[in-house]
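Computed over heavy atoms, backbone and side chain alike; hydrogens, waters and symmetry mates excluded. Convention: sequence-line order gives letters A, B, ...; per-chain numbering from 1. What you see is a predicted model; the values in this text were computed from it and never measured.
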Amino acid sequence: MSEIRVRFAPSPTGFLHVGGARTALYNWLFARHHGGVFVLRIEDTDADRSKPELVTAILESLQWLGLDWDEGPYYQSARLDRYRRLAIELERRDWAYPCFCTPDELQAKRARSEAERRPWKYDGTCRNLSAVERQARRHRPLALRFRVPDTGETSFDDKVFGHITVENRDLEDFVLLRSDGQPTYHLGVVADDLDMRITHVIRGADHLSNTPKQVLMYQAIEAPPPTFAHLPLILGPDRQRLSKRHGATSVGAYREQGILPEALLNFLALLGWTPPKGPDGREREILSRDEMVLAFSLEAVSKSNAVFDFEKLAWMNSEYLRHLPRERLMAVVEQELKSAGIWPERPNADERQRLQAAALLLQSRARNLRDFSCAGRALFTDEFDYDPQAVGRFWKEGSLAELLEELAQRLARLEPFDLTETERCLRALAEERGVKAGVLINAARVALTGQAVAPGLFEVMLVLGRERVAQRLRRAADYLRRNSRPS
RNA sequence: GGCGCUAUCGUCUAGGGGUUAGGACGUGAGAUUCUCAAUCUCAAAACCCGGGUUCGAUUCCCGGUAGCGCUACCA
């Protein structure tokens with residue numbers, strides 16, 4: 001009956017991580033699936049580690065992925081008095097109490113416990129202080145702690161993990177308000193999720209163990225807790241939690257590597273969620289955003305952690321690249337070429353046409369956007385080098401210089417200059433000189449593209465155009481003559 | 001250490017008391033060819049271990065093991 005409201009609440013202590021992106025995606029999918037509201041909230045209560053410029057970066061990454069939010073971003077740093085009020089309310093109800101222990105003291109006690117190999121839990125030094133004792137310590141900075149009942153148990157039903165129960169005695173009296181007046185995470189989330197009328201908390205499983213504490217807080221203020229759904233973690237290839245050590249972990253890094261947002265999104269969606277079978281009864285992995293929205297459900301989210309498999313992402317990216325509609329292909333390739341500095345800001349009609357023809361040629365073999373500006377470079381600019389490996393592999397034949405020169409001449413006056421005629425022309429020359437066509441083709445490929453690997457030679461010729469082809473063949477012939485000094 | 005969670009091919013996963021344990025990425029072989037990619041065919045590849053329950057467990061229960069998470073005046 002009431003509207004579904006979910007939130008994504010990153011803390012600006014780093015760039016948007018793929019794990020965070022997946023959490024955002026699942027929240028977004030859930031909201032869109034149910035016609036609910038997706039709220040964005042910035043958890044910046046850790047003043048030391050939060051950086052405003054990271055907020056911008058996170059927002060940009062979300063936008064790039066197309067995860068649009070309906071409300072926010074709200075900033076926790078702007079709601080400090082609200083948290084303080086909740087803390088005071090908790091204290092008034094005797095669910096919280098002031099603690100005068102300093103971090104140093106606690107640190108020392110904890111260290112001692114650990115040295116004696118005894119489990120540490122806040123020892124409750126300030127838990128039952130009398131009014132007089134509290135008065136006596138007024139001059140010391142104070143934090144506010146939540147009073148966890150020492151008996152009983154706390155439980156909740158997680159949409160993904162099922163029923164979770166913990167003994168209250170295993171929970172410690174955690175801090176709600178730091179001595180500098182800043183709220184801790186627990187106080188912040190509960191207050192915000194309450195105020196923002198969040199109905200479903202969908203977040204990483206690293207919060208699973210924290211949830212009972214929050215449930216306790218909801219009970220303390222006699223508010224119904226939201227529904228929780230925890231997501232399995234994303235791990236690196238070594239099965240450790242994914243971190244910078246593993247290389248690229250931020251959304252921005254993948255963007256820079258030429259990954260398409262739709263591919264990253266699709267890949268992330270599959271890391272922990274299995275879509276139901278398609279209408280044809282077959283399992284499917286490639287789903288459009290709309291299909292995902294339609295198919296998404298928390299029930300189909302898996303419980304076990306998943307290793308981030310870059311190879312599969314690369315495959316999925318090439319899959320998306322290959323099926324990109326022409327207009328979008330043009331747009332992303334042009335963008336890529338411009339940022340690589342090999343395409344004019346304002347291309348003329350001729351260049352636009354070449355862009356289209358070349359992009360289409362490269363499309364089926366590109367794994368990422370970078371392949372257009374790197375592997376496909378020679379199709380867009382005259383400035384390219386001969387790859388030494390390609391030279392070593394295909395420029396071995398002795399008479400190549402002369403052959404290429406001759407080919408250049410014939411092609412220069414070939415009429416018409418099309419797919420069949422260029423091929424016929426080349427094959428005829430090869431036959432006359434008793435060379436295998438493949439040898440000439442490969443040699444010409446290196447001459448035209450500088451590479452051993454490129455699209456079909458005659459397609460490349462058409463894209464480059466007669467003049468450029470002749471010119472590059474001659475340039476190669478020159479190069480060969482200069483470098484073929486017998487040794 | 002304590003507490004919590006998890007466990008199917010190398011990876012992501014489907015399945016579920018009786019199945020040839022299915023799919024995808026990756027890997028290998030072949031077809032094709034002008035290099036590569038694409039495509040097509042084929043192949044190898046998994047139910048963590050031990051007990052129970054049962055006529056029958058990969059599936060249900062218990063224990064072990066392993067991994068991960070939490071155990072902060074981080075989030």
Side-chain angles (χ1 to χ4, degrees), chain A residues 9-11 13 43-46 48-50 76 99 101-103 106-107 110 113-114 116-122 141-145 158 161-162 164-167 169-172 174-186 188-189 203-213 230 232-233 235 237 239-241 267 270-274 277 282-286 302-316 318-319 322 362-367 371 375 390 393-394 423 426 436-442 444-446 449 451-458:
Chain A
S11 63
T13 53
E43 306 212 329
D44 55 353
T45 53
D46 183 348
D48 295 337
R49 297 197 303 147
S50 297
Q76 288 196 322
C99 173
C101 302
T102 66
L106 293 168
Q107 184 72 34
R110 192 177 308 129
S113 278
E114 269 162 30
E116 293 165 24
R117 279 184 306 165
R118 303 185 44 216
W120 163 259
K121 192 178 132 180
Y122 175 63
L142 88 185
L144 209 65
R145 279 184 192 271
D158 191 276
F161 286 92
I164 305 285
T165 306
V166 292
E167 298 285 341
R169 78 172 82 92
D170 290 326
L171 264 25
E172 73 169 359
F174 52 95
V175 171
L176 294 170
L177 213 50
R178 292 190 261 258
S179 45
D180 63 1
Q182 292 275 326
T184 61
Y185 170 67
H186 296 296
V189 251
R203 70 217 318 183
D206 46 345
H207 291 295
L208 198 58
S209 302
N210 290 140
T211 307
K213 295 179 194 164
H230 288 87
L233 267 20
L235 311 177
R239 299 212 142 265
Q240 298 284 308
R241 194 178 184 166
F267 174 73
L270 260 28
L271 234 45
W273 171 65
T274 310
K277 292 194 167 83
R282 291 181 50 82
E283 296 175 15
R284 51 187 174 155
E285 300 219 299
I286 304 288
S302 114
K303 288 195 264 274
S304 42
N305 295 344
V307 172
F308 188 95
D309 181 5
F310 181 77
E311 281 306 313
K312 186 154 183 175
L313 169 58
W315 162 78
M316 192 164 283
S318 65
E319 190 72 16
R322 248 180 292 131
L362 260 7
Q363 186 175 21
S364 72
R365 52 209 101 206
R367 297 203 95 195
D371 286 340
R393 188 172 162 202
F394 292 129
E423 177 156 11
L426 182 142
K436 280 208 225 153
V439 171
L440 223 201
I441 288 174
N442 287 326
R445 169 175 296 110
V446 180
T449 67
Q451 310 238 263
V453 171
L457 181 68
F458 306 102

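The same atom, C1', is picked in B/C61 and in B/A24; the two are 33 Å apart, to the nearest Å. Comparing B/U6 with B/A14, their P atoms are spaced 14 Å from each other, to the whole Å. The gap from the P atom of B/U58 to that of B/G50 amounts to 10 Å, rounded to the nearest Å. Here, B/C40 and B/U33 have their C1' atoms 14 Å apart, quoted to the whole Å. The separation of B/U65 from B/A21, taken at their P atoms, amounts to 32 Å, rounded to a whole angstrom. One P atom belongs to B/A43, the other to B/G23, and the distance between them is 11 Å to the nearest Å. The same atom, P, is picked in B/A37 and in B/G28; the two are 11 Å apart, to the nearest Å. When the C1' atom is used for both B/A46 and B/U27, the distance is 15 Å, rounded to whole Å.
Taking atom CG on A/L271 and atom P on B/C68, their separation rounds to 17 Å, with Å as the unit. Rounded to an integer number of Å, the gap from CG of A/L208 to P of B/G69 is 13 Å. As rounded to whole Å, 16 Å separates atom P of B/U6 from atom CG of A/D206. Remark: C1' of B/C25 and CD1 of A/I286 are 11 Å apart, rounded to the nearest angstrom. Here the C1' atom of nucleotide B/G10 and the CG atom of A/L235 are 15 Å apart, to the nearest Å. Regarding A/E311, its CD atom lies at a distance of 17 Å from the P atom of B/A24, rounded to whole Å. The separation between A/I164 atom CD1 and B/C70 atom C1' is 12 Å, rounded to whole Å. The separation between A/F161 atom CZ and B/C70 atom P is 13 Å, rounded to whole Å.
Checked by distance alone, A/K277 brings no side-chain donor or acceptor within 3.5 Å of a matching partner on the base of B/A14. Under 3.5 Å, the side chain of A/E283 and the base of B/G22 form at least one donor-acceptor pair of N or O atoms. A donor-acceptor contact under 3.5 Å links the side chain of A/N210 to the base of B/A75. Checked by distance alone, A/S209 brings no side-chain donor or acceptor within 3.5 Å of a matching partner on the base of B/C3.
Take A/N305 and apply the side-chain hydrogen bond (donor to acceptor under 3.5 Å, both in side chains) test, not counting sequence neighbours, and it matches no residue. Listed by chain and number, the residues in a side-chain hydrogen bond (donor to acceptor under 3.5 Å, both in side chains) with A/N442 are A/R445 (sequence neighbours excluded).
Of the candidates B/A24, B/G4, B/G10, B/G10 carries the atom nearest the A/D309 side chain, counting heavy atoms from C-beta on. Listed nucleotides: B/G4, B/C12, B/A75. Nearest to the side chain of A/E43: B/A75. In the set B/C68, B/C73, B/A75, B/C73 carries the atom at the smallest distance from any side-chain atom of A/V175. Of the listed nucleotides (B/C3, B/C12, B/C5), B/C3 has the atom at the smallest distance from the side chain of A/D170. Of the candidates B/G2, B/A75, B/U71, B/U71 carries the atom nearest the A/K213 side chain, counting heavy atoms from C-beta on. Closest to the A/E172 side chain, of the nucleotides B/U13, B/A72, B/C3, is B/A72. Considering only the side chain of A/N305, B/C68 comes nearest among B/C68, B/U11, B/C73. Side chain of A/R110, nearest nucleotide from B/A72, B/G69, B/A75: B/A72. Checking B/U13, B/G26, B/G2 against every side-chain atom of A/S302, the shortest atom distance belongs to B/U13.
Panel note: side chain A/D206, backbone A/L233; no donor-acceptor pair is recorded below 3.5 Å. Remark: side-chain polar atoms of A/S318 are not paired, donor with acceptor, to backbone N or O of A/A366 under 3.5 angstrom. Counting only distance, with no hydrogens or angles, the side chain of A/K121 and the backbone of A/R169 share a donor-acceptor pair below 3.5 Å.
Listed pair A/W120 / B/A72 meets the phosphate criterion, a side-chain N or O lying under 4.0 Å from OP1 or OP2. Contact check, A/T274 against B/A14: a side-chain N or O comes under 4.0 Å of OP1 or OP2. Side-chain N/O atoms of A/R284 include none lying less than 4.0 angstrom from OP1 or OP2 on B/U13. Close to B/A72, at under 4.0 Å from its OP1 or OP2, lies no side-chain N or O of A/Q107. Residue A/R239 has no polar side-chain atom (N or O) positioned under 4.0 Å from OP1 or OP2 of B/G69. Residue A/S304 has no polar side-chain atom (N or O) positioned under 4.0 Å from OP1 or OP2 of B/C5. Between A/T13 and B/A75 there is no side-chain polar atom (N or O) within less than 4.0 angstrom of OP1 or OP2.
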Quiz item: Can you list the steps and then say if A/V453 with A/R365 is a side chain to side chain contact (heavy atoms under 4.5 Å, CB included)?
Solution: CA-CA 10 Å; A/V453 171; A/R365 52 209 101 206; 5.8 Å; no
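In this structure, CG in A/L440 is found 4.5 Å from CG in A/L426, a value given to the nearest 0.5 Å. Expressed to the nearest 0.5 Å, how far CG of A/L235 lies from CG of A/L271 amounts to 9.0 Å. In this structure, OG on A/S11 lies 6.5 Å from CZ on A/R49, to the nearest 0.5 angstrom. Here the CG atom belonging to A/D170 is positioned 11.5 Å from the CD atom belonging to A/E172, to the nearest 0.5 angstrom.
The two residues A/A143 and A/V175 make their nearest non-hydrogen contact at CB-CG1, 4.3 Å.
At a threshold of 4.0 angstrom between heavy atoms, the contacts of A/S11 are confined to the sugar-phosphate backbone, with no base atom among them. As judged by a 4.0 angstrom heavy-atom cut-off over every strand, A/E114 is placed among residues making no nucleic acid contact. Across all strands, A/H230 comes closer than 4.0 Å to no nucleic acid atom at all (heavy-atom distances). At a threshold of 4.0 angstrom between heavy atoms, the contacts of A/G272 are confined to the sugar-phosphate backbone, with no base atom among them. Nucleic acid contact class of A/C101 (heavy atoms, under 4.0 Å, all strands): base.
The nucleotide B/U39 finds its pairing partner in B/A31, both defining distances of the Watson-Crick or G-U wobble pair being shorter than 3.5 Å. The pairing partner recorded for B/G16 is none, the criterion being a Watson-Crick or G-U wobble arrangement whose two distances lie under 3.5 angstrom.
Screening A/E43, A/K213, A/H207 against A/Y185 for a side-chain hydrogen bond (donor to acceptor under 3.5 Å, both in side chains) leaves a single residue, A/H207.
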Exercise. For nucleotides 33-47 of chain B, just jot down a letter per nucleotide in 5' to 3' order: B, S or -, based on protein non-hydrogen atoms under 4.0 Å.
Key: -BBBBSS--------
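Both A/L233 and A/T184 sit near RNA chain B, but only A/L233 has its closest nucleotide nearer the 5' end.
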